[in-house]
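Remarks on the structure that follows.
Chain letters run A, B, ... following the sequence lines, proteins first, then strands; residues in each count from 1.
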Amino acid sequence: MLTLQFIPNSEIASLDQEAKLKRLMSLIKNDRILVLEGGLSSDEEMLLIQRTMEQINKEFRGIEICTVSHEKKKAELGTMIKETLLKAFGYKSGLTIIGPASIVKEIRRDPTKIELLTVNKRNKKR
Amino acid sequence: MPNPFKNFLDFFLKVFTNKRHVKIGLYGPTNSGKSTLANRITKDWLGEEMSSVSRIPHETREIITKEKITAEQNGKKLTFNLVDTPGIATKIDYEDFLKYKMSVKEARERAKEATKGVIESIKWLDSMDCVVVVLDSTINPYSQVNITIIGNLAARKIPVLIAANKVDLKRADIKKVEAAFPQYKTVGISAEYGQNMDDFYKMLFKVVK
């Protein structure tokens, strides 16, 4: 059975970077596929990869991750004002999907779609 | 984290002696051809190779540096230190190495070293003056590892050149790489066969200067 857990931005926004990563790692290692509202920054993603590498062992083989964010380049003035106001009220656009590599085989992203492929455990020899 | 003393020393050498050379890092996912490109560059300008290459992922598990490489382009010279880094990955499964006829012990050891290599690559990112992101042009470029590497370089304001490698292969699609990262200069190369290296050096000179 797959467990998808949605994490609203309000739940982790008040945490510092280390506490946030610790919480995410703990959930991932408990076989949860996380959907993070607001998404992670590229800096946080790099730190998450670092923490993942530090914790890899026989049981935990790593993560699959995918962040989707808005295309900022072509934003019109109205959209920019709207986004600035939303940001001021604590809303973050975009989302990040993270799952343990033992469950999520691959997250495929073409610009227009995201596909999450899971590991077929029946075919996997362990 | 960057070493403040080293940063000060680099700054001092740069300003007062002009002896600090530009540090160019080769970054990218595993098996994209970073070490093959490193060897191509050092063969072109020093006549020798610097890294071992293999089709088995995570062949480079430690940072390898070659110092004082002087390249020439249209009468201009560029002296740099080249840093070949272990490929960045989000997962490392020792069982993947068993396919390459390794023993379980060897596979586990390689996986352990590979995780340390990824951490080292990330730690060295801050000390780079310029980064060549080496991507396999036969593979979909929209992977999170590629996006994360490039996002971090952009956040640090480190100049980037994208080398779309393996253009000698039929499935190579440089346009897809260009479309994925339109804000950066992309050059299609075959590091293995030395294809389009003149254009690569031309672009590298532009990006570094």
Self-check item: Interface moiety of I92(B) toward chain A, non-hydrogen atoms closer than 4.5 Å
Solution: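 Contact with chain A: backbone and side chain both.
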Quiz item: Just wondering, do M46(A) and L125(B) contact through their side chains at under 4.5 Å, heavy atoms?
Solution: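 Yes - at least one pair of side-chain heavy atoms lies under 4.5 Å apart.
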Distance-only donor-acceptor pairs under 3.5 Å for side chains of residues 147-157 of chain B, two or more places apart:
from, atom 1, to, atom 2, distance (Å)
T148(B), OG1, E45(A), OE1, 2.7
T148(B), OG1, Q144(B), O, 2.7
T148(B), OG1, Q144(B), NE2, 3.4
N152(B), OD1, R156(B), NH1, 2.8
N152(B), ND2, S42(A), O, 2.7
N152(B), ND2, T148(B), O, 2.8
R156(B), NE, D126(B), OD1, 2.8
R156(B), NH1, N152(B), O, 3.4

Quiz prompt | Sidechain-backbone polar pair: K91(B) side chain, T52(A) backbone, donor-acceptor under 3.5 Å | solution =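 No.
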Quiz item: When you look at OH of Y193(B), are more than 12 heavy atoms from neighbouring residues, nucleotides or ligands closer to it than 6.0 Å?
Solution: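 Not buried by this count: 12 neighbours or fewer within 6.0 Å.
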Quiz item: Does atom CD of Q17(A) have more than 12 heavy-atom neighbours from other groups under 6.0 Å away?
Solution: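 It does: Q17(A) CD has more than 12 such atoms within range.
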Self-check item: Contact class of I63(A) relative to chain B, heavy atoms under 4.5 angstrom
Solution: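 Contact with chain B: backbone and side chain both.
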Quiz prompt | Spacing of CD1 belonging to I56(A) relative to NZ belonging to K116(B), to within rounding of 0.5 Å | solution =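 The CD1 atom of I56(A) sits 13.0 Å away from the NZ atom of K116(B).
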Quiz prompt | Q50(A) side, atom CD; E120(B) side, atom CD - distance, nearest 0.5 Å | solution =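 The CD atom of Q50(A) sits 9.5 Å away from the CD atom of E120(B).
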Quiz item: Given the options I88(B), T90(B), T115(B), which has more heavy-atom pairs under 4.5 Å with chain A than any of the others?
Solution: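 Highest number of pairs under 4.5 Å: T90(B).
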Quiz item: If you take all heavy atoms of Y142(B) and R109(A), which pair is closest and at what distance?
Solution: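 The answer is CB-O, 3.2 Å.
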